[in-house]
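Whatever order the structure lists them in is the order used to number ligands and atoms, beginning at 1.
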Amino acid sequence: MQSVSWILHQTSHTGNVGSAARAIKTMGFDQLILVDPKNPEAIQTPDAIALASGADDVLAKAQVMTTLDKATKSSRLVFGLSARDREFGPPSISIKEACAIAKDQSCAFLFGTERTGLRNEDYHYCTHRVWIDANPIYSSLNLAQAVMVCAYEMRQSLQESAQLKLPQVAPRANIEAINALMEHLREGLIAIEFLDPSHPKKLMERLRSLFDRAGLYPEEVDLLRGVAKQMILKNDKGFKL
Ligand code: SAH
């Protein structure tokens, strides 16, 4: 996956750090950064380890940094998550919009403290303020839950773009080419006396449905026409099966 980091700023509850590690790992990410956590040993606490559960590896390798400046500087886009609207600061977008623009760029999701969220000055390190749509009269998620929603949205967005980027499938043979192949094969099958024109049964229809199911490429049509040609030629030369 592309570079996506998950930054928790001045987190108070070590359990939230563990739960956040679990959320990002379940969604396929692994870069957790703690900036100035209240407990500098947060990633080694029993609470964090217990709540991280199977994401103990992500927790153990989480980086602990002293400033937001260091934590955000390698990301092209930095999304500062907040439930509250701000009068000033970077442009405000929804989490879905954020994940859509983040597809091909290094990005960081920055989460505020449990008690006060992100301060105005923290937005100096953000390219966008990002909100998660919620109940307008009670919109504040628990920190790790907010991480979970963002990680899920980011995963969905990356998967959609991966699907769009699937290599273009080569075009199949067109209907005219298939019809010509069927006619060629019919002649060949008559030539080798596999097909009796007075009792054709459903042979050609069954072959046709086989080819339709397969979805032949032009080269495969050419190959089968080569086979038909040889069947006719061998017969002309008096070849006996
Ligand atoms: N009491 C704080 C919110 C703390 S929740 C306040 O009033 O701001 C902890 C963090 O989770 C927030 O700083 C924010 O980064 C994130 N968060 C919680 N709910 C959110 C929402 N609805 N939209 C965006 N971020 C949210």
Side-chain angles (χ1 to χ4, degrees), residues 4-27 29-40 42-43 45 47-48 51-52 55 58-59 62-73 75-103 106-158:
V4 182
S5 47
W6 303 86
I7 307 173
L8 308 185
H9 189 219
Q10 297 181 333
T11 304
S12 307
H13 297 292
T14 51
N16 274 336
V17 173
S19 296
R22 182 175 187 170
I24 70 170
K25 183 170 176 178
T26 51
M27 294 297 119
F29 303 99
D30 63 358
Q31 290 179 51
L32 180 61
I33 301 175
L34 308 184
V35 173
D36 189 24
K38 191 165 175 204
N39 178 349
I43 61 174
T45 59
D47 266 5
L51 283 155
V58 169
L59 184 66
Q63 290 173 272
V64 181
M65 298 187 179
T66 48
T67 62
L68 278 180
D69 177 37
K70 278 192 196 143
T72 54
K73 70 175 169 209
S75 299
R76 167 81 188 72
L77 293 167
V78 181
F79 302 126
L81 271 290
S82 174
R84 282 180 289 139
D85 213 351
R86 313 265 163 160
E87 202 180 343
F88 301 106
S92 240
I93 55 175
S94 71
I95 182 64
K96 283 192 193 297
E97 291 171 294
C99 294
I101 61 172
K103 274 173 190 167
S106 61
C107 67
F109 290 84
L110 168 63
F111 300 85
T113 64
E114 291 92 335
R115 216 166 56 77
T116 51
L118 291 173
R119 298 160 305 175
N120 287 339
E121 57 266 39
D122 300 331
Y123 280 98
H124 295 162
Y125 303 100
C126 299
T127 56
H128 299 83
R129 183 185 81 83
V130 173
W131 44 273
I132 298 167
D133 184 40
N135 180 354
I137 56 167
Y138 188 58
S139 58
S140 182
L141 287 156
N142 155 272
L143 170 60
Q145 290 170 345
V147 173
M148 180 68 232
V149 172
C150 296
Y152 172 81
E153 289 289 351
M154 191 60 194
R155 181 177 179 81
Q156 296 302 305
S157 173
L158 289 174

Protein heavy-atom partner closest to atom 22 (N) of ligand 1 - residue, atom, separation in Å: Ser139 O, 2.8 Å
Ligand 1 contact on Thr116 by region, counting heavy-atom pairs under 4.0 Å: backbone
Trp131, any N or O under 3.5 Å of ligand 1 N or O: no
The single option from Leu81, Leu8, Leu77 passing side chain to side chain contact (heavy atoms under 4.5 Å, CB included) against Phe109: Leu81
Protein residue, atom and distance nearest to atom 4 (C) of ligand 1, heavy-atom basis: Glu114 O, 3.2 Å
For ligand 1, the portion of Gln145 having any non-hydrogen atom under 4.0 Å away: neither
N/O donor-acceptor pair under 3.5 Å between Gln10 side chain and Gly112 backbone: no
CZ (Arg119) with more than 12 external heavy atoms under 6.0 Å: yes
Steps toward side-chain hydrogen bond (donor to acceptor under 3.5 Å, both in side chains) verdict (Arg129, Ser92): CA-CA 5 Å; Arg129 183 185 81 83; Ser92 240; 2.8 Å; yes
Heavy-atom pair of closest approach, residues Phe29 and Leu158: CE2-CD1, 3.9 Å
Lys96/Asp133 ion pair, N-O < 4.0 Å: no
Nitrogen or oxygen atoms of Arg84 and ligand 1 under 3.5 Å apart: yes
Residue part near ligand 1, for Val130, under 4.0 Å between non-hydrogen atoms: backbone
Within reach of ligand 1, part of Ala146 (heavy-atom separation under 4.0 Å): side chain
Residues that Ala71 engages under side-chain contact (heavy atoms from CB on, under 4.5 Å), provided they are two or more places apart: Ile7, Ile33, Val35, Met65
Under 3.5 Å: donor-acceptor pair, side chain of Thr72, backbone of Leu68: yes
For Phe111, atoms of ligand 1 separated by under 4.0 Å from a heavy atom: 15 (O)
Ligand 1 N/O within reach of Ser140 N/O, cut-off under 3.5 Å: no
Numbered atoms and elements of ligand 1 in range of Arg115, under 4.0 angstrom, heavy atoms: 1 (N), 2 (C)
Closest candidate by heavy atom, reference atom 19 (N) of ligand 1, pool Leu141, Asn135, Val147, Leu81: Leu141
Closest contact, heavy atoms only, His128 versus Ile93: CD2-CD1, 3.6 Å
Protein contact of atom 20 (C) of ligand 1 - nearest heavy atom, named by residue and atom, plus distance: Ala83 CB, 3.7 Å
Any donor-acceptor pair under 3.5 Å from Ser75 side chain to Ser106 backbone: no
Identity and separation of the nearest protein heavy atom to atom 23 (N) of ligand 1: Ile132 N, 2.9 Å
Residue part near ligand 1, for Thr113, under 4.0 Å between non-hydrogen atoms: backbone
Atom 25 (N) of ligand 1: nearest protein contact (heavy atom, Å): Ser82 N, 3.4 Å
Flag side-chain contact, heavy atom, 4.5 Å: Met154 against Cys107: yes
Gly112 N/O to ligand 1 N/O under 3.5 Å: yes
